[in-house]
Amino acid sequence: MTNWKAVTVALGLALGWFVGNPAVALGPAPDPRAEVQVNVARGEGLTQHLRNNPQDVDEMEHLAALYMANGCYDTALGPLARALQLDPRRRSLWVALDRAVERSGAARITDGELARRAASFVEALKR
């Protein structure tokens, strides 16, 4: 039995190479604005979920990961700080915090600053 999808993709790639531009076979490039819109919608959805479920550490970690994936390392510190208040033994949170602090340009972060970031995050969810 032949996998026609694989055959079609292979023929498309071969045609693209023959024409001199393999990207032609792959179709149009994704619109970068669409990806931004999807990320904004994900962030808004996670924020709304956290307003309704303020103890959900998993979703705080997801929100911080979304911020970090988009280069907003300083913004990721708030949800990470709050998540660490709720679950200080979760290693993945500490790893993410280290990465966010390092990439935000700060050499380190104090416990007092973490507490302030967590409180600011909780207040932002109330708005």
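All heavy atoms count here, side chains included; hydrogens, waters and symmetry mates do not.
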Pairwise distance [atom1]([X]) to [atom2]([Y]) - rounded to 0.5 angstrom:
{"X": "L80", "Y": "I109", "atom1": "CG", "atom2": "CD1", "result": "9.5 Å"}
{"X": "L77", "Y": "S120", "atom1": "CG", "atom2": "OG", "result": "11.0 Å"}
{"X": "N52", "Y": "T47", "atom1": "CG", "atom2": "OG1", "result": "11.0 Å"}
{"X": "D87", "Y": "M60", "atom1": "CG", "atom2": "CE", "result": "10.5 Å"}

Closest non-hydrogen atom pair between A76 and A64, with its separation:
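Looks like CB-O, 3.7 Å.
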Common cluster, L84/V122, ILVMFWY with side-chain heavy-atom separation under 4.5 Å:
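No: no chain of side-chain contacts under 4.5 Å links L84 to V122.
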Linked, directly or transitively: L46 and L125 (ILVMFWY side chains, under 4.5 Å)
yes
Check the pair Y73 / V101 against side-chain contact (heavy atoms from CB on, under 4.5 Å), numbers first and verdict last.
CA-CA 7 Å; Y73 302 106; V101 168; over 6 Å; no
Going by heavy atoms in the side chains, are [X] and [Y] under 4.5 Å from each other?
{"X": "E102", "Y": "D98", "result": "no"}
{"X": "E59", "Y": "N53", "result": "no"}
{"X": "E61", "Y": "P79", "result": "no"}
{"X": "R103", "Y": "M68", "result": "no"}
{"X": "D74", "Y": "R117", "result": "yes"}
{"X": "L50", "Y": "F121", "result": "yes"}
{"X": "L114", "Y": "L97", "result": "yes"}
{"X": "H49", "Y": "L63", "result": "no"}

Step by step, would you call V40 with Q37 a side-chain contact (heavy atoms from CB on, under 4.5 Å)?
CA-CA 5 Å; V40 167; Q37 291 172 342; 5.7 Å; no
In sequence, state the C-alpha distance, the side-chain angles, and the governing distance for L66 and H62, and then conclude on side-chain contact (heavy atoms from CB on, under 4.5 Å).
CA-CA 6 Å; L66 179 65; H62 291 145; over 6 Å; no
Within 6.0 Å of CZ in R42, more than 12 heavy atoms from elsewhere
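Count not over threshold, so no.
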More than 12 foreign heavy atoms under 6.0 Å from CG of D111: is that the case here?
no
Tell me, with the steps shown, if V57 and R90 meet side-chain contact (heavy atoms from CB on, under 4.5 Å).
CA-CA 10 Å; V57 174; R90 189 180 295 201; 3.6 Å; yes
